[in-house]
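This report refers to the structure that appears directly beneath it.
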Amino acid sequence: MNKILSLVFLFCLFSCKEKVEQVQTQKENNIEEIDQEDVRTISTRVTDYDTLINRVKKRGDLEAYDELFYSFKDCYFRESTDSVMVYAKIMAENFNYERAYYDYYDAMLEKHGIDHANFPQIDISKMEKQDKQKLENWFKFMVERKQMSQQTLDSIKR
């Protein structure tokens with residue numbers, strides 16, 4: 001009986017070793033099939049953000065801005081609105097990108113929980129004084145740059 005158990009044990013031992021070697025060989029083969037150029041690491045993702053940010057700041061690159069904008073909007077944390085505001089302001093002030101004007105005030109209103117679906121009828125009267133002043137200055141800037149009419153500005157409840 002001991003001989004039979006010993007034989008079964010040895011058989012199991014050698015058969016398992018063979019399978020482990022096959023699995024390791026398969027894993028090595030799969031690694032070789034992956035094109036390392038297609039692999040994205042966290043550091044390349046950060047580099048991509050840095051590249052996009054530099055393109056926005058230095059060249060006013062619309063595609064880079066749009067990619068940054070949508071990646072920030074996809075984030076569900078409150079600070080993403082601050083990031084949107086920073087780059088929207090750069091694109092509006094330095095490169096006169098029309099959509100950036102609206103992205104800035106949308107982000108500001110979203111940050112303060114103000115419904116901005118019906119834009120001219122928004123109510124900013126409950127905002128903190130400092131933020132309210134920033135937004136009013138932004139709206140005046142939009143009027144100066146002809147991105148908003150004075151009539152629209154006057155319809156905002158302050």
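Here the structure is a predicted model, which means the values were calculated and not measured. Counting begins at 1 with the first residue of the sequence.
Contact detail for A100 and A88: the closest heavy-atom pair is CB-O, 3.3 Å. The minimum heavy-atom distance between M108 and H112, with the atom names listed, is O-CD2, 3.1 Å.
Taking Y65 as the reference, D103 meet the side-chain hydrogen bond (donor to acceptor under 3.5 Å, both in side chains) condition, with sequence neighbours excluded. For D106, the side chain to side chain contact (heavy atoms under 4.5 Å, CB included) criterion is met by H116, not counting sequence neighbours. Applying the side chain to side chain contact (heavy atoms under 4.5 Å, CB included) criterion to N94, with sequence neighbours excluded, gives I90. Applying the salt bridge (Lys or Arg N to Asp or Glu O under 4.0 Å) test to D131 and every residue at least two apart in sequence or in another chain returns nothing.
Here L135 contributes atom CG and K111 contributes atom NZ; the two are 11.5 Å apart, rounded to the nearest 0.5 Å. To the nearest 0.5 Å, atom CE of residue M127 and atom CD1 of residue I122 are 8.5 Å apart.
Ring centroids of Y102 and Y105 are separated by less than 6.0 Å, placing the two rings close together.
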Tabulate below the donor-acceptor pairs under 3.5 Å that side-chain atoms of residues 138-150 make, not counting sequence neighbours, or state none.
unit_1: W138; atom_1: NE1; unit_2: Y101; atom_2: O; d: 3.1
unit_1: R145; atom_1: NH1; unit_2: A92; atom_2: O; d: 3.1
unit_1: R145; atom_1: NH1; unit_2: Y101; atom_2: OH; d: 2.9
unit_1: R145; atom_1: NH2; unit_2: E93; atom_2: O; d: 3.2
unit_1: S149; atom_1: OG; unit_2: T152; atom_2: N; d: 3.1
unit_1: S149; atom_1: OG; unit_2: T152; atom_2: OG1; d: 2.8
unit_1: Q150; atom_1: NE2; unit_2: D154; atom_2: OD1; d: 3.0

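Put simply, the side chain of L62 reaches to within 4.5 Å of the side chain of M91, judged on heavy atoms.
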For this session: Report the C-alpha separation of I124 and E136 in whole Å, then their side-chain angles, then the decisive distance to 0.1 Å, and conclude whether the side chain to side chain contact (heavy atoms under 4.5 Å, CB included) test is met.
Result: CA-CA 9 Å; I124 62 172; E136 287 177 349; 4.0 Å; yes

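Legend: salt bridge (charged side-chain N to carboxylate O under 4.0 Å, His left out) pairs involving residues 52-72, not counting sequence neighbours, sorted by first then second residue: D66-R99.
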